[in-house]
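Worth knowing before you read on, the calculation uses all heavy atoms, side chains too, and leaves out hydrogens, waters and symmetry mates. Protein chains get the first letters and strands the later ones, always in sequence-line order, with residue 1 at the start of each.
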Amino acid sequence: MTDYKATLNLPHTDFPMRGNLAKREPEMLARWEKNGVYQRIRAASAGRPKFILHDGPPYANGDLHLGHAVNKILKDIIVKSKGFIGYDAPYVPGWDCHGLPIEHKVETMIGRAGDKVDYKTFRAKCREFALGQIDNQRKGFIRMGVFGDWENPYLTLNHQTEADIIRALGKIAESGHLVRGFKPVYWSVVGGSALAEAEVEYHDKTSFSIDVRYKAQDPSAVLKAFGTDAGEGEVGAVIWTTTPWTLPASQAMSIHPDLDYVLIQATVNDAPARLILAEGLLEAATERMGLETYETLAKVKGDALEGLVFDHPFYDRNIPFLLGDHVTLDAGTGIVHTAPDHGMEDFLVCQHYGIETLNPLDDKGVYRSNVELFAGEHVYKVDPHIIDVCKEHGRLLSEDKLTHSYAHCWRTKTPLIYRATPQWFISMDKEGLRGKALEAIQGVRWVPGWGQNRIEAMMEQSPDWCISRQRTWGVPIAFVTHKETGELHPELPRIIEEVAKRVETGGMDAWWDLELSEILGDEADQYEKVTDTLDVWFDSGVTHESVLRKRPELGQYPADMYLEGSDQHRGWFQSSLKTAVAMNGSAPYKQVLTHGFTVDEKGYKMSKSLGNGIAPDEIWNSLGSDIMRLWVASTDYSGEMPMSKDILNRTADAYRRIRNTARFLTANLNGFEPARDSVANDDMLALDRWAVDRAYRLQQEINDLYDNYQFLQAYQKIHHFCVLDMGGFYLDIIKDRQYTTQENSLARRSCQTALYHVLEALVRWIAPILSFTADELWQYIPGERSDTVFEQTWYDGLTPLAADEALDGAFWSTVQEVKDGVNKVLEVARNEGRVGGSLKTEVTLYCDADLKAGLAKLGEELRFVTLTSDARLADLSEAGDDALDTELEGLKVSVAASEQPKCARCWHQRPDVGRNQEHPELCGRCVENVAGDGEVRHYA
RNA sequence: AGGACUGUAGCUCAGCUGGUUAGAGCGCACCCCUGAUAAGGGUGAGGUCGGCAGUUCAAGUCUGCCCAGUCCUACCA
């Protein structure tokens, strides 16, 4: 038997079937770095319209987790796809470098600033630490295939950036949005410093527990509010507290608007007294106060009592009833003594009612000289004295001790107090920032749309933004204030600029080292430097100023897009918006895209304790970054993003399918030189023109999907194209023609031309997502081409079917339905054991008139579409019992095993096999292909 | 506890303004092929559309409640 295999044009390529990505990706990264892919893209896209995605800086601490990966990969897909769409889309990654977490890390390494090491050394160490973290994270981002200017990222710790942050602060101050105020913070009286929430530990502490009565100034008003005039004796409200030391700062009492409050008749100190407290705590409270007999006189909702005024237990001070949702029935009396100096909720309630703080305690926890009765006493020791004073005034209703969990300083292990301290705020309302911000929100495109509601709600409720921190590792609030008045120096802009210039060269230490006389001359001794640092949210919040405007390759305001996790509505989206509106009166972004968080396959968040987390390096070291990227693209980022080993494996399956489709296309371009062998579209066979048309149409869809950030849809379309249009139809059909026709025949070159066009398109479609694979594939496609696929835009060599095309899209759609019908009938026969492979069969298609006329257009080539050795057309009316219905109206199909001899070359079973003496094992067309002028094909 | 979002076959997703037996791909099962071969082709089985109640002639699609999950309310980035 002659070996005719050698006469076939079988596919061949060196593009490997298996990605082996974990090994190959690093090689590709090395090549990209060596050839400067990012710079090449910049050069290739120079002059195009810009699309600026401004990077939200991750915090420069900790190893990368999947959330980082999702964020950076989404950004990368956008940046790359915008490139293919035709934009110049530079990407400057950034890092957020200041702040408490780094400070903490460094503290554990070298000790506390101002204690074990001096501040300057401490800051230097923080800087060094942050840079180390950045290096680690950067390696990871690069490994994920994210393109950007990794050599020159923006860092909030760059001297230039620090200087610009200070300038931004100055701008905001100039515009009048900045106010100085007070705010309670956790304060360590032993350490003499403010603490962040993260530095608070909770330990048991024994405190005094007292009930105190506040006397109504106008009893009749209270009675009226209760709608009664019953009872006798003083009218008073009862509060309960475990912090008697806060009573000197007591300025109000809070009640809940929806709770029921009762007025009871009781006896206190042998005198009749009427007391107010919450009905829900009546029993517990009266028992605690030892009120054995009492009588309820009236009951009313809290909101009916708002504004009633009482006397302070021992000061001449008005104490009003305020309404607050924070009041509960957990303990006490349902009436909360309210000292804005010493509680966050107290502070907020009072702020709402316009009650300011008193600031009675100094840094060491000692009452200031202006505090009556207790001046000079220490907060830790004053409780008994205060209780005595209450008793003397007849205000004390109960006294006990209580052990409870209480906030302690993590360093000194001493109890903490809340203490109102002077702070700098960006006011939401002083200059109408809130209203302007809400207006700016309207002009932004929020993806998905609910992001707008979310940020609007936050902006509406947002309290003034406290931007000052009593920390070491942060950009200094470079203000100079008058020692007596606390007022900002009138020459603020000049001072800011003086400082900024120094910081540009010397870093933030320049501020701490600065002698005021250098910039203020003789008046220096009247002023002092503010020692607070900026909230790190301010650093990143003003990158629209310090980075977006400043970097020449960006140089644009506002950015086209900000893209972060949904938590950043509260974070960066908001801080950026506030600062931008304060400085420029507009939003810093045109579009905001939000993604959800990663969860496991059951929808639970990833956590160490559940052990359900998957680290990015696990993925890129096993399956490869492209699989991780494909997972990102194939997951709906608008909600939770489930991830598991199983999901990853599914993703890898899909990857292989796309890769193998590309590989098959490549393999069939073996020997094809596009410049030499391409066939003009008009000369191509009908089916080949159809394939190119499919790609043409799909490319338009894909362009729009990428352009609108619908990566999931783009991925699915690409995948379906590979599976359905190509694998299940086109490629299956053209194999015969590819393999059997003459190498340089029109039949084959037409097909190769189509495959080439499809491949050129496909490699670009997948590039934003499967960056490694696309660029690997790029090297195997014939023809002259750029160094990387990323220097390209979408392939422009695709041609749609002509409007007057005889075999149009609808025709081929019908052919696919016919093929489905044949397959079903074939499968029936196969299951009955009557037939095996489709080439061993002959089919008869019984068609109605329309269908028959249509299919007749394919003439003798119908069998190549059905993949059978013979395919005959017949009238539907001729169908016998062996013809089975199909899902296509007007089509019945019968199948029979072919009786004809098998051609040794093309494996079709044809009656003309053996007619040629020279090639007795071949069918007619194979003889023609092997020894003649070659078979002619018209359609398929 | 409040605010926002999510919940359609084992997995990833479609299901427009409510209207025929809820779709696709993957996976799975079975079959074919062995000239894409650690590939390829075909057929098929899988869903009380988170649950309950309601509006409606009609609900996956509207309303309410409930359940589960995620993010934010903690100044922590």
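Between B/rA24 and B/rC76, the distance separating the two C1' atoms is 44 Å to the nearest Å. With both ends at atom C1', the span from B/rG44 to B/rU48 equals 23 Å, rounded to whole Å. Using C1' as the reference atom, B/rU17 and B/rU21 are 24 Å apart when rounded to the nearest Å. B/rC62 sits 40 Å from B/rG40 when the P atoms are compared, rounded to a whole Å. Nucleotides B/rG50 and B/rA45, compared at atom P, are 24 Å apart to the nearest Å.
With B/rU12, B/rC76, B/rA38 as the candidates, the nucleotide lying closest to the side chain of A/Pro101 is B/rC76. Ranking B/rA77, B/rA39, B/rG40 by closeness to the A/Lys735 side chain, first place goes to B/rG40. The listed nucleotides are B/rA77, B/rU12, B/rA39; the one nearest the side chain of A/Arg656 is B/rA39. Nearest to the side chain of A/Phe597, among B/rU34, B/rU70, B/rA14, sits B/rU70. Among B/rC76, B/rU12, B/rA36, the nucleotide with an atom closest to any side-chain atom of A/Leu100 is B/rC76. In this structure, of B/rA39, B/rG3, B/rC76, it is B/rG3 that holds the atom nearest to the side chain of A/Arg454. The side chain of A/Asn660 approaches B/rA36 more closely than any other nucleotide in the set B/rU12, B/rC72, B/rA36. Of the candidates B/rU70, B/rC26, B/rC5, the closest approach to any side-chain atom of A/Lys605 belongs to B/rU70. The listed nucleotides are B/rA14, B/rC71, B/rA39; the one nearest the side chain of A/Met17 is B/rA39.
Nucleotide B/rA24 forms a pair with B/rU12, judged by Watson-Crick or G-U wobble geometry with both contacts under 3.5 Å. Partner assigned to B/rA58 is none, using Watson-Crick or G-U wobble distances below 3.5 angstrom. When both distances must be under 3.5 Å, the Watson-Crick or G-U wobble mate of B/rA68 is B/rU6. When both distances must be under 3.5 Å, the Watson-Crick or G-U wobble mate of B/rU48 does not exist. When both pairing distances are held under 3.5 Å, B/rA53 makes a Watson-Crick or G-U pair with B/rU63. If you check B/rC30 for Watson-Crick or wobble pairing at under 3.5 angstrom, you find it paired to B/rG42.
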Got a list of protein N/O to nucleotides 42-48 of chain B N/O distances below 3.5 Å?
unit_1: B/rG42; atom_1: O2'; unit_2: A/Glu827; atom_2: OE1; d: 3.2
unit_1: B/rG42; atom_1: N2; unit_2: A/Glu827; atom_2: OE2; d: 3.0

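Within the 4.0 angstrom heavy-atom criterion, only backbone atoms of the sugar-phosphate kind lie near A/Leu712; the bases stay farther away. In this structure, A/Tyr604 reaches the sugar-phosphate backbone alone: every heavy-atom distance under 4.0 Å involves primed, P, OP1 or OP2 atoms, never a base. Base contact: A/Trp537 has a heavy atom under 4.0 Å from a base atom. Residue A/Gly596 is out of contact with every strand shown, counting any heavy-atom pair closer than 4.0 Å. No contact: A/Lys717 has no heavy atom under 4.0 Å from any strand.
Taking 4.0 Å as the cut-off between side-chain N and carboxylate O, A/Arg905 and A/Glu921 do not count as a salt-bridged pair. At a threshold of 4.0 Å, the pair A/Lys72-A/Asp55 counts as salt-bridged, since one of the basic side-chain nitrogens sits closer than that to a carboxylate oxygen.
Side-chain atoms of A/Lys578 and A/Ser462 include a donor-acceptor pair closer than 3.5 Å. In the model, A/Gln452 has a side-chain atom that pairs as donor or acceptor with a side-chain atom of A/Glu456 under 3.5 Å.
Rounded to whole Å, the distance from CD on A/Glu832 to C1' on B/rC32 is 15 Å. If you measure from atom CD of A/Gln713 to atom C1' of B/rG25, you get 12 Å, rounded to the nearest angstrom.
The side-chain ring of A/Tyr59 is not stacked on the base of B/rA77, judged by centre separation under 5.5 angstrom and plane angle under 30 degrees.
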Original post:
So A/Phe425 and A/Trp465, ring pair (Phe, Tyr, Trp, His ring centres under 6.0 Å) or not? Walk me through it.
Top reply: CA-CA 5 Å; A/Phe425 294 85; A/Trp465 177 12; over 10 Å; no
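The cationic atom of A/Arg659 (NZ for Lys, CZ for Arg) lies less than 6.0 Å from the six-membered ring centre of A/Phe15 and within 45° of the ring axis.
A donor-acceptor contact under 3.5 angstrom links the side-chain atoms of A/Glu640 to the base of B/rG69.
Within 6.0 Å of NZ in A/Lys717 there are 12 or fewer heavy atoms belonging to other residues, nucleotides or ligands.
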